[in-house]
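Have a look at the structure below before the remarks.
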Amino acid sequence: MSAASKLSMPSLQDRVSAEEWQTRVDLAACYRLVARFGWSDLVFTHISARVPGVKDQFLINPYGMMFEEITASSLVKVGVAGEKLDDSPFPVNPAGFVIHSAVHSARHDAQCVLHVHSLNGIAVSAQRHGVLPISQQSMFVLASLAYHDYEGVALNDEEKPRLVADLGDKTFFMLRNHGLLTVGPSIADAFLAMYIFEAACNIQIRAQAGGSELTPIPAALIAGAQAQAAMVTRSLGGTLVWPGLLRMLDRLDSSYAT
């Protein structure tokens, strides 16, 4: 199938529920935003979202399409093992769903799982002390951060219990020598969490490059970070910024919503 035929796929809007269509639109927007912010790694990471109203069905990217190409109709519906559940013409990468299926199966509050291989994130994940308490952004991350040691490319189902145990109930997950992962009760929340996570890593790499001694944030302030985050977003979380992000995308290219 040529790239042109992939991009001209007929709309699924009239073939799925209104709730699923909205999830598809938001997830496609999330892929476009990840590309826009420079966090994508060609086609080699994934963002998954639960299909509303059904059990153990998820939407994920068509394997081989760039993130900036993905549309609501091109997203593929899969089961917990990454197997295709519909007649989509697009392939999926079941191996790439190992991490996502593990998180979704254990964390029923995780409507969205967002995983990236950003350069800043991998750089910090390779540092022994991980995220340092040196920025306001890092304070929010450290208030709900877990780590998982590298076990090679995530292809082995035997790694799933260790992934789940390490993640626990946290929002931010640093995969050592690998990348960053966030979970959220909505696509908007998972994206906002990744924005903060990536910002904390970017700031850390820049601060370390300056060569001066770094000033840490007191632990007592980190302990109260989640309450402060709720105040900053008026308890709206990612939904506070999501409409503005969609307006930005619409100005650039609204094809994600097709």
Side-chain angles (χ1 to χ4, degrees), residues 3 6-7 25-49 59-72 74-75 93 96 99-100 112-127 130-132 134-142 145 150 153-154 171-184 186-210 237-257:
K6 287 184 178 181
L7 294 177
V25 170
D26 285 338
L27 185 57
C30 192
Y31 274 103
R32 298 288 186 103
L33 288 166
V34 166
R36 179 72 179 172
F37 282 88
W39 308 334
S40 59
D41 182 18
L42 297 179
V43 301
F44 298 113
T45 61
H46 306 277
I47 313 166
S48 57
L59 297 170
I60 199 165
N61 52 311
Y63 195 46
M65 287 185 69
M66 302 293 283
F67 283 17
E68 59 264 31
E69 296 177 316
I70 291 174
T71 65
S74 67
L75 291 164
N93 180 12
I99 294 173
H100 292 253
C112 180
V113 178
L114 201 170
H115 173 46
V116 300
H117 295 163
S118 64
L119 298 183
N120 294 312
I122 296 172
V124 173
S125 78
Q127 296 181 359
V131 177
L132 301 176
I134 58 170
S135 68
Q136 181 166 276
Q137 288 81 356
S138 71
M139 181 175 71
F140 297 127
V141 172
L142 289 166
L145 174 63
Y150 188 63
V153 177
T171 297
F172 303 91
F173 200 25
M174 180 161 275
L175 305 173
R176 293 287 193 180
N177 312 100
H178 181 173
L180 309 180
L181 184 146
T182 59
V183 301
S186 71
I187 294 167
D189 286 313
F191 179 84
L192 178 58
M194 185 58 73
Y195 179 87
I196 296 168
F197 207 176
E198 172 62 17
C201 292
N202 193 357
I203 292 166
Q204 180 167 323
I205 295 299
R206 293 189 184 195
Q208 290 171 322
T239 60
L240 178 66
V241 298
W242 196 245
L245 289 167
L246 294 185
R247 289 193 296 271
M248 179 187 75
L249 280 182
D250 287 340
R251 289 193 298 270
L252 297 169
D253 179 3
S254 62
S255 65
Y256 70 92

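The basis for the numbers below is simple: all heavy atoms, side chains too, and nothing from hydrogens, waters or symmetry mates. Numbering of residues begins at 1 and proceeds along the displayed sequence.
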Sole residue of Phe140, Phe172, Phe37 in ring-ring contact (aromatic ring centres under 6.0 Å, His included) with Tyr195: Phe37
What pair of heavy atoms forms the shortest contact from [X] to [Y], and how long is it?
{"X": "Gln137", "Y": "Ala199", "result": "CG-CB, 4.0 Å"}
{"X": "Thr171", "Y": "Ala193", "result": "CG2-CB, 4.0 Å"}
{"X": "Ala49", "Y": "Leu27", "result": "CB-CD2, 4.0 Å"}
{"X": "Ala123", "Y": "Ile205", "result": "CB-CD1, 3.7 Å"}
{"X": "Ile187", "Y": "Cys30", "result": "CG2-CB, 3.7 Å"}
{"X": "Ser125", "Y": "Met174", "result": "CA-SD, 3.5 Å"}

Residue pairs fulfilling salt bridge (charged side-chain N to carboxylate O under 4.0 Å, His left out) with at least one residue in residues 243-254, sequence neighbours excluded: Arg32-Asp253
Greater than 12 external heavy atoms within 6.0 Å of Gln136's CD: no
Heavy atoms from other residues, nucleotides or ligands near CG of Leu119 exceed 12 (cutoff 6.0 Å): no
With distance as the sole test, does [X] use its side chain to make a donor-acceptor pair with the main-chain N or O of [Y] at under 3.5 Å?
{"X": "His115", "Y": "Gly179", "result": "no"}
{"X": "Thr71", "Y": "Tyr256", "result": "no"}
{"X": "Asn61", "Y": "His46", "result": "no"}
{"X": "Gln127", "Y": "Val124", "result": "no"}
{"X": "Ser40", "Y": "Phe67", "result": "no"}
{"X": "Gln204", "Y": "Ile134", "result": "no"}

Asp41: side chain to side chain donor-acceptor pair (under 3.5 Å) partners, not counting sequence neighbours: His117
Side chains of Pro62 and Ile70 in contact at under 4.5 Å (non-hydrogen atoms): yes
pair His178-Ile122: side-chain heavy atoms closer than 4.5 Å: no
Under 3.5 Å side-chain donor-acceptor pair for Asp189 and Trp242: no
CA sep, side-chain torsions, deciding dist, call: Asn120, Trp39, side-chain hydrogen bond (donor to acceptor under 3.5 Å, both in side chains): CA-CA 9 Å; Asn120 294 312; Trp39 308 334; over 6 Å; no
